[in-house]
Amino acid sequence: YSFFPGRPRWPANKRDLTYAFVPQNGLTDDIKIVFTRAFDRWSEVTPLTFTEIASYQSADIKIGFFSGDHNDGEPFDGPMGTLAHAFSPPAGHFHLDGEENWVIDGAPIVDGNFFSILSAVDLESVAVHEIGHLLGLGHSSVEDAIMYPTLGAGTRRVELRNDDILGVQELYGSNPNYTGPNPNLTPSRGSDTNGAPKFG
Amino acid sequence: HFFPNISSIPPNLLKPNATAWDAFNKLLGCHSGQTVDGLAKIKKYFHYFGYINNSSSNFTDDFDDTLESALKTYQLNFNLNTTGVLDAPTIQHLIKPRCGNADVVNGTSTMNSGKPPAGSPTMHTVAH
């Protein structure tokens, strides 16, 4: 895992964060619930909580789908290529490329791939990754970590791995109710850069 | 464009669509010292993700030392063989969809390339 330069994080008095969606996107509840699930994955392992509010302006985290140039100096490039980006704390900006073909429910999953689709992206996989950035994590070289920068075609990757959990807990500590990594995530044959087992 | 699940996706989307990075396929095998049409685009890619720290956006099609260094750093970060050549595994990785955040910020990477080589000491000790 890694952090942004200077290790920015949400201040100690900000553990209950709010989020809101760009009203103009007109997202339906079944889309919004994907983000709820993604936030839940991070709150499960940290003391942070995430609550959706209606007021976009006052939310800590602002989520929106945009196309092309959207005035932050990082224009999107159409289908595939770059999928989304997010700002380090405490900016809270979370932008997704509106020209992607987003799949709301990537299940059923077979060996991590939901289909050999080269032009559709699992929304929850991208959401979990970008929330990692919103919390202060940078990219990781551990291939099955959430914070690995690329997402293979037709891939669904939503479970936090040990690398992600250790990183975010270094910033915020652990959720007192967190009982450890999911035992269903069996160790893979590889190892991370420190020689420690990784999960896959 | 939202689809509730995979079965709701129109068949025409099941084919690979051309993306901005598909053009990198024609750079397969390129290596240091060559001048090949399209290398400027791959330099822009590396600049975008922080691997080339150059304020200028006017890149040439020369496979120069800057590109080779950026490529090796990229290969190290993504657990590829650090050949410094645009080989098949590297090209296949370059064209994958990805997060738009940079891997290298202000010339510093905390992915693989920013860590000490495997086997090197990570702590200095002094005998007493």
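Residue numbering restarts at 1 for every chain, and letters A, B, ... go by the order of the sequence lines. These numbers come from the heavy atoms of this one structure, side chains and all, not from hydrogens, waters or symmetry mates.
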- Query: Is A/Thr28 close to B/Phe2 at the side-chain level, that is, under 4.5 Å between some pair of heavy atoms?
  - Reply: no
- Message: If you count every heavy atom of other residues, nucleotides or ligands that lies below 6.0 Å from A/Asp72 atom CG, does the total exceed 12?
- Response: yes
- Query: Do A/Phe65 and A/Phe76 belong together in a cluster built from hydrophobic side chains that touch within less than 4.5 Å?
  - Reply: no
- Message: Taking side chain as everything from C-beta outward and backbone as N, CA, C, O, which of these in B/Phe49 sits under 4.5 Å from a heavy atom of chain A? Side chain, backbone, both or neither.
- Response: side chain
- Message: What part of A/Tyr148 gets within 4.5 angstrom of chain B, counting heavy atoms only: side chain, backbone, both, or neither?
- Response: side chain
- Task: Specify the closest pair of heavy atoms between B/Asn112 and A/Ser141, including all atoms of both residues, with the distance to one decimal.
- Result: N-OG, 2.8 Å
- Rounded to the nearest 0.5 angstrom, the CZ-NE2 distance for B/Arg98 and A/His129 is 8.0 Å
- Based on non-hydrogen pairs under 4.5 Å, which of A/Asp30, A/Asp77, A/Leu27, A/Ile31 is most in contact with chain B? A/Ile31
- Shared ILVMFWY cluster between B/Leu28 and B/Leu71, side chains joined below 4.5 angstrom? yes
- Query: Hey, what do you get for CG (B/Leu94) to OG1 (A/Thr150), rounding to the nearest 0.5 Å?
  - Reply: 10.0 Å
- So B/Phe3 and A/Leu123, side-chain contact (heavy atoms from CB on, under 4.5 Å) or not? Walk me through it. CA-CA 10 Å; B/Phe3 301 98; A/Leu123 178 58; over 6 Å; no
- Query: If two hydrophobic side chains count as joined below 4.5 Å and joins carry through other members, does A/Phe39 share a cluster with A/Phe87?
  - Reply: no
- Within a strict 4.5 Å, meaning less than it, do heavy atoms of the B/Asn101 and A/Glu130 side chains meet? yes
- Message: Less than 4.5 Å to any heavy atom of chain B: does that hold for the side chain of A/Phe3, its backbone, both, or neither?
- Response: backbone
- Query: Is the count of non-hydrogen atoms from other residues, nucleotides or ligands lying under 6.0 Å from A/Gln169 atom CD greater than 12?
  - Reply: yes
- Message: Testing the basics here: between B/Trp21 and A/Thr82, what is the closest heavy-atom pair and its distance to 0.1 Å?
- Response: CH2-N, 3.5 Å
- Task: Could you tell me which non-hydrogen atom of A/Pro5 sits nearest to which non-hydrogen atom of B/Val105, and how far apart they are?
- Result: CG-CG1, 3.5 Å
- Item | Minimum-distance pair of heavy atoms, taken over all atoms of B/Cys99 and A/His139 | SG-NE2, 3.6 Å
- Quick one: does A/Glu100's side chain get under 4.5 Å of B/Pro97's, heavy atoms only? no
- Message: Do A/Phe66 and A/Leu83 land in one hydrophobic cluster if side-chain heavy atoms of ILVMFWY residues count as linked below 4.5 Å?
- Response: no
- Query: Under 4.5 Å between side-chain heavy atoms, hopping through other hydrophobics if needed: is there a path connecting A/Tyr56 to A/Phe35?
  - Reply: no
- Message: Counting C-beta onward and ignoring hydrogens, is there a side-chain heavy-atom pair between B/Asn106 and A/Phe4 closer than 4.5 Å?
- Response: no
